[in-house]
Amino acid sequence: DIAKISTKAAEILFKGSGRGAEKLNYVTTYIKEFCLSKGFTIDDKTIRQSIENAWDEMTNAKKDKVV
């Protein structure tokens with residue numbers, strides 16, 4: 001859920017195409033800091049996969065809304 005929320009936030013904060021690196025950095029940092037604040041760590045591969053899953057879910061939801 002944190003990946004979904006932070007991915008949506010990145011889309012709002014960094015509007016426009018061509019800003020993928022900024023969005024990825026924002027979400028990665030957010031997830032790492034959130035996890036650390038809760039007392040656990042998460043590896044970069046897991047973070048990346050969580051972000052990709054959140055992105056896929058978000059873009060598929062947008063496609064489903066288009067009629």
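What you see is a predicted model, and the numbers here were worked out from it, not measured in a lab. FYI, the numbering just counts along the sequence from 1. Values below: every heavy atom of this structure, side chains too, minus hydrogens, waters and symmetry copies.
The distance from the CZ atom of Phe14 to the CD atom of Glu22 is 5.5 Å, given to the nearest 0.5 Å. Between atom CZ of residue Arg19 and atom CD of residue Glu11 there is a gap of 10.5 Å, rounded to the nearest 0.5 Å. Rounded to the nearest 0.5 Å, atoms CD1 (Ile51) and CD1 (Ile31) are 4.5 Å apart. To the nearest 0.5 Å, the span separating OG on Ser50 from CD1 on Ile2 amounts to 10.5 Å. To the nearest 0.5 Å, the span separating CG on Asn60 from CE on Met58 amounts to 10.5 Å. In this structure, NZ in Lys23 is found 7.5 Å from OG in Ser17, a value given to the nearest 0.5 Å.
A 4.5 Å side-chain heavy-atom check between Asp44 and Lys32 finds at least one atom pair inside the cut-off. Asp1 has its side chain within reach of Lys4: a pair of non-hydrogen atoms, C-beta onward, lies under 4.5 Å apart.
Under the 3.5 Å distance criterion, the side-chain polar atoms of Thr29 are left unmatched by any main-chain donor or acceptor of Tyr26.
With hydrogens and angles left out, the side-chain atoms of Gln49 and Asn53 include a donor and acceptor closer than 3.5 Å.
When hydrophobic clusters are built by joining Ile, Leu, Val, Met, Phe, Trp and Tyr residues whose side-chain heavy atoms come closer than 4.5 Å, directly or via intermediates, Leu13 is grouped together with Ile47. The hydrophobic clustering, which links ILVMFWY residues whose side-chain heavy atoms are closer than 4.5 Å, places Val27 and Trp55 apart.
Heavy-atom contacts from other residues, nucleotides or ligands closer than 6.0 Å to CG of Asp56 number more than 12.
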From CA spacing to verdict: side-chain hydrogen bond (donor to acceptor under 3.5 Å, both in side chains), Asn25, Thr28 | CA-CA 5 Å; Asn25 184 54; Thr28 300; over 6 Å; no
Any chance you could lay out the salt bridge (Lys or Arg N to Asp or Glu O under 4.0 Å) test for Arg48 and Glu52, step after step, and finish with the verdict?
-> CA-CA 6 Å; Arg48 180 67 182 238; Glu52 288 176 8; 3.0 Å; yes
